[in-house]
Each structure stands twice: as C-alpha cells, then as structure tokens.
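Notes follow once the structure below has been shown.
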Amino acid sequence: DIETLVKKRTTGLMRPSDAPKIEKATRKEFPEGIPAYGTDALRFTFASLATQGRDIKFDLGRIDGYRNFCNKLWNAARFVLMNTEGHDCGVGAAPVRFSPADRWIQSRLQQVIVEVETGFADYRFDLAAQAIYGFIWDEYCSWYVELTKQQIALGDAESVRGTRKTLIEVLEASLRLLHPIMPFITEEIWLRVAPLAGIDDPSIMRRPYPRTKPGGIDADAVAAMQWVQKFINGIRNIRGEYNVSPAQTLETVWIEDAADADKKLLNDPYLQQLITGNLARVAGIKTLASGETAPPSAVFLLGGMKIHVPLGSIIDKKAELLRLGKEIEKFEKELTKATNQLANANFVANAPPQVVEEMKNRVREFETIISKLRAQQNQIGALNG
C-alpha cells in the first residue's frame, strides 16, 4: 500500500533531506501503492529481463503482462481438463490417429525444447523465457486449443483420441519446460494433468526436464499448418480492415495463380475444414478456371497465390465508403500539417536533426496510410458492380 511504500523509500536515506522529494515522487508515480502480482509473474519478468546488458529497465507493465500469461495458461488448462477428464486420452491400447494439427504442435514442442536448452546452456534466460512464452501463448493456446474444438466436435473416435492425447502430452511437457521459471502455477496444474498422461508421481519436481525426441519433427505437418495459419490470418486481416464481424460467415473465396504445392494443400479435406470452420468462417474455397474472373473482392497474397474474398453482400457499401472518406480526410489534414512544417525553412534549420527526421517519417507514414485507404475505397466502390 502507498503508506508502507513511502515509509520504505524514505527510511535509512544517506541524505534524509531528500525524503520529502522522494515521498512526493512516490505518491505521484504509485498513488495506490504497488499491487500484488504473484511470485510466478515476478520470476518470469526477471527471467525475461536477464539479457546480456548490465542495466535493465524494470517496468510494472511487464509483470502485469506475465500475470496475464499465467491467466492464459490457467484458462487453457481448464479447457484441456474439461475435454479430457473422464475421456479416453489414448493412454491405453486403443488406436489413435493424429491430425496435421496434432503433428504440428508435437513438432513445434520439439523445436522449442531445443531453443530452451540452448538458452539455458548460454545463460540467456531471456531467450529461454521468450521461446516458452511464444510457444504456449501464440501456438498452443491461441492456435492449437482453438483447432481442437473443431477436431473434437467433428472427428471420429481414433482422431479425437489422438487430439486428446496430444492436448494432454503437450501441456504436460510444456509445464515441465516452464517449471524452473514459474514453479507454483506449473505444479498446481501438473498435479491435475499428469494422471491423464499416465504419470504417477507426487510432484512435477521429480520428473525429468523435457528433451528432444529423435524423429519427433514432422516437417510436412509444420509447413502445412504454417500455410493454413497465413491463409486464416489473411482472412482475419480483411475482416479487420473492412469491419466485418468475426461471427459473420464470408462468401466462398476464390483462388488464383496457385502453385502445385498450394493446390495439394487446397485439396486436403482436413485443411479445407480448418479454413472453412470457426477460425476463418468462409462458405467455401474455389479455384478460378483459366480466363475466369473473380467477383469484386478484397485480395491478399499467400506466396504467389492470390486469394479473393468477396464482400459485396457482407458490408454496407455506402456506410463503409463514408467511413473511409472521413479517415482519408483526417490523415490528409495531418499530412498537410507535417509537409507544411517541413517546408518551413526556419523549422528545418533550427529543429534538432532527430525531430526533422521524425517529421519526415510521419509524412511517409501518412502517405502510406492514405494510399492503403484509397485502395480500400476503390475496392469497395467496385463491389456489387
């Protein structure tokens, strides 16, 4: 609390006369004191700041972010337990079948274990922490857990068993990977997860640290899922640009200039199901025949392949054009102010060089934004004929 903090910071000073100044600064910076964040979040913050430099810039915002990471891990574990406890998780002799997404996350785990091993060996705890954080948050929680919802709902018995087995085993290994940095939350979750993985041990501390498995990386599955992620992210970006709700199902997307490798992936029923499912929500995928023209669409590139996303029946054309017109007008005013300032000889002569350079960067940034908005305006103007 603030009173305890003020007392702590003003006691035992080499120059007691500084106490009023320190108290004033403390009350201004921490009016409510310093909130409790938890040991795991604090430990992870220190690990992430353990760079090769001698000085660190400590920031409470970092601890807050890593507390959110603890919450993300906890919520993911709850989802896993809800979908695995009381179910067959592939521990017995029943056959299992792994989907490309299962093999992808298993492979990514093996690759991350190598990164973490290297980080610890080199005393780069920041790199080890960064590798674990990126894998758990961005890949396991944000992608794989979401993919499994569809797999569990639509898969047959063998594939569902394979997905549940993967959910449990990858989470269990990830907890062991994270344990030296975040010992408390990992122990708590692991005690619930371990029995589902067929492990009988009273503590995560008694288990070996994860090591890579020979032949544990399926390069084809990794490449396929990275392609799917780029496809889905392209759809999501278009939704964001055109203010289309994530819950709205888009029209069939059209493919143009697909390479042979793209065609192979497009023809995979499982990958098609991922794209048309909850993550992208498109009605279907079709390839343009030679000489055929796509309907007026927003377009993005995946390698050399063009993906046309028709939006004519989805968006309010008149309202969107009005919104874009206002955005363009706003940025044109900002651009005019910046260019006028650069045209002022006194400003250029007297301002510090870094300020002048910053103003030039602003001009370039505004020009880029206006160009993109005008391109969107043209695309929307072409919708519905």
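Below, each value reflects all heavy atoms present in this structure, side chains not excepted, and no hydrogens, waters or symmetry copies. For this chain, numbers begin at 1 and follow the sequence in order.
If you check the side chains of Thr163 and Gln151, you find a donor sitting under 3.5 Å from an acceptor. Side-chain N/O atoms of Thr26 and Arg9 include a donor and acceptor closer than 3.5 Å. Between the side chains of Ser99 and Tyr270, at least one donor-acceptor pair of N or O atoms lies under 3.5 Å.
Across all non-hydrogen atoms, the minimal contact from Ala338 to Val363 is CB-CG2, 3.6 Å. Ala19 approaches Thr10 most closely through the heavy-atom pair O-CG2, 3.7 Å. Closest approach of Gln110 and Gly216 over heavy atoms only: CG-O, 3.6 Å. The heavy-atom pair separating Ala76 from Cys141 by the smallest distance is CB-SG, 3.6 Å. Across Val193 and Ile168, no two heavy atoms sit closer than the pair CG1-O, 4.0 Å. Minimum heavy-atom separation, Glu117 to Pro210: OE2-O, 3.9 Å.
Under the 3.5 Å distance criterion, the side-chain polar atoms of Arg43 are matched with a main-chain donor or acceptor of Ile181. The backbone N or O of Leu177 lies less than 3.5 Å from a partner atom in the side chain of Tyr209, making a donor-acceptor pair. Panel note: side chain Glu256, backbone Thr293; no donor-acceptor pair is recorded below 3.5 Å. Side-chain N or O atoms of Thr11 include one that pairs as donor or acceptor with a backbone N or O of Lys7 at under 3.5 Å. In terms of modelled atom types and a separation under 3.5 Å, the side chain of Thr186 and the main chain of Pro183 share a donor-acceptor contact.
For the side-chain contact (heavy atoms from CB on, under 4.5 Å) test, residues two or more places apart in sequence or in another chain that qualify with Ile369 are Phe331, Glu365, Leu373. The side-chain contact (heavy atoms from CB on, under 4.5 Å) check on Arg27 picks up Ile2, Glu3, Val6, Glu23, with sequence neighbours excluded. Here Gln130 pairs with Leu127 under the side-chain contact (heavy atoms from CB on, under 4.5 Å) rule; sequence neighbours left out. In this structure, the side-chain contact (heavy atoms from CB on, under 4.5 Å) partners of Ser245, at least two apart in sequence or on a different chain, are Ala247, Gln248.
Between Asp122 and Arg124 there is no salt bridge, since none of the side-chain N atoms of the basic residue sits less than 4.0 Å from a carboxylate O of the acidic one. Salt bridge absent: Glu367 and Arg364 never bring a charged side-chain N and a carboxylate O closer than 4.0 Å. Ion pairing of Glu241 with Lys372 is absent here, as no side-chain N (NZ or NE/NH1/NH2) approaches a carboxylate O to less than 4.0 Å.
Residue pairs satisfying the salt bridge (Lys or Arg N to Asp or Glu O under 4.0 Å) criterion with at least one member in residues 96-116, sequence neighbours excluded, are listed as follows: Arg97-Asp156, Arg97-Glu158, Arg103-Asp218, Arg108-Glu139. Evaluation of the ring pair (Phe, Tyr, Trp, His ring centres under 6.0 Å) test over residues 73-119, restricted to residues two or more places apart or in two chains, returns none. Applying the salt bridge (Lys or Arg N to Asp or Glu O under 4.0 Å) rule to pairs touching residues 278-307 yields nothing, sequence neighbours excluded. Screening residues 222-232 for side-chain hydrogen bond (donor to acceptor under 3.5 Å, both in side chains), with sequence neighbours left out, gives Trp227-Asp262. Applying the ring pair (Phe, Tyr, Trp, His ring centres under 6.0 Å) test to residues at least two apart or on different chains, the pairs with a partner in residues 17-62 are Phe44-Tyr66, Phe44-Phe69, Phe46-Phe58. Applying the ring pair (Phe, Tyr, Trp, His ring centres under 6.0 Å) rule to pairs touching residues 166-191 yields nothing, sequence neighbours excluded. Sorted by first and then second residue, the salt bridge (Lys or Arg N to Asp or Glu O under 4.0 Å) pairs with a member in residues 70-91 read Glu85-Arg192, Asp88-Arg161; sequence neighbours excluded.
Between Tyr133 and Trp137, the two ring planes are parallel [angle under 30°; tilted spans 30° to 60°].
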>> Walk me through whether Glu358 and Gln354 qualify under side-chain contact (heavy atoms from CB on, under 4.5 Å).
In response: CA-CA 6 Å; Glu358 182 181 332; Gln354 64 267 27; over 6 Å; no

>> Using the rule given for salt bridge (Lys or Arg N to Asp or Glu O under 4.0 Å), can you reason through Arg67 versus Asp64, listing the C-alpha separation, both sets of side-chain angles and the distance that settles it, and then say yes or no?
In response: CA-CA 5 Å; Arg67 180 175 60 183; Asp64 194 39; 2.8 Å; yes

>> Lys330 vs Glu327, test: salt bridge (Lys or Arg N to Asp or Glu O under 4.0 Å). Steps then yes/no.
In response: CA-CA 5 Å; Lys330 180 182 75 173; Glu327 285 286 296; 3.6 Å; yes

> For Phe300 and Ile238, what are the C-alpha separation, side-chain angles and deciding distance, and is it a side-chain contact (heavy atoms from CB on, under 4.5 Å)?
Replying inline: CA-CA 8 Å; Phe300 69 94; Ile238 284 177; 3.5 Å; yes

> Should Val116 and Ile132 be marked as a side-chain contact (heavy atoms from CB on, under 4.5 Å) after you check the CA-CA gap, both sets of side-chain angles, and the distance that decides it?
Replying inline: CA-CA 7 Å; Val116 175; Ile132 299 170; 3.5 Å; yes

> Hey, mind stepping through Arg62 and Asp59 against salt bridge (Lys or Arg N to Asp or Glu O under 4.0 Å) and telling me if it holds?
Replying inline: CA-CA 6 Å; Arg62 294 287 290 271; Asp59 180 8; over 6 Å; no

>> Using side-chain contact (heavy atoms from CB on, under 4.5 Å), reason through Leu109 and Tyr144 one step at a time and then give a plain yes or no.
In response: CA-CA 12 Å; Leu109 173 64; Tyr144 183 67; over 6 Å; no

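Distance check, rounded to the nearest 0.5 Å: CD1 of Ile152 to CG of Leu167 gives 5.5 Å. Taken to the nearest 0.5 Å, the CD atom of Glu334 stands 4.0 Å off from the NZ atom of Lys337. To the nearest 0.5 Å, atoms OH (Tyr140) and OG (Ser174) are separated by 7.0 Å. The distance from the CD1 atom of Ile232 to the CG atom of Asn237 is 12.0 Å, given to the nearest 0.5 Å. A distance of 7.0 Å separates CD1 in Ile307 from CG in Leu301, rounded to the nearest 0.5 Å. Here Ile285 contributes atom CD1 and Thr252 contributes atom OG1; the two are 9.0 Å apart, rounded to the nearest 0.5 Å.
Leu154 and Val228 sit in two unconnected hydrophobic clusters of ILVMFWY residues. Membership requires side-chain heavy atoms under 4.5 Å apart, directly or through other members. Residues Leu321 and Val244 share a hydrophobic cluster, clusters being chains of Ile/Leu/Val/Met/Phe/Trp/Tyr side chains in contact below 4.5 Å. Hydrophobic cluster membership is shared by Leu335 and Val355, with clusters built from Ile, Leu, Val, Met, Phe, Trp and Tyr side chains linked at under 4.5 angstrom.
In the displayed structure, Arg362 atom CZ is contacted under 6.0 Å by at most 12 heavy atoms of other residues, nucleotides or ligands.
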Show me, pair by pair, the donor-acceptor contacts under 3.5 angstrom made by side chains of residues 194-208, not counting sequence neighbours?
from   : atom 1 : to     : atom 2 : distance (Å)
Asp201 : OD1    : Arg206 : NE     : 2.7
Asp201 : OD2    : Arg207 : NH1    : 3.2
Ser203 : OG     : Glu187 : OE1    : 3.2
Ser203 : OG     : Glu187 : OE2    : 3.2
Ser203 : OG     : Met205 : N      : 3.1

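You'll find the side chain of Leu279 reaches within 4.5 Å of the side chain of Trp143, heavy atoms only.
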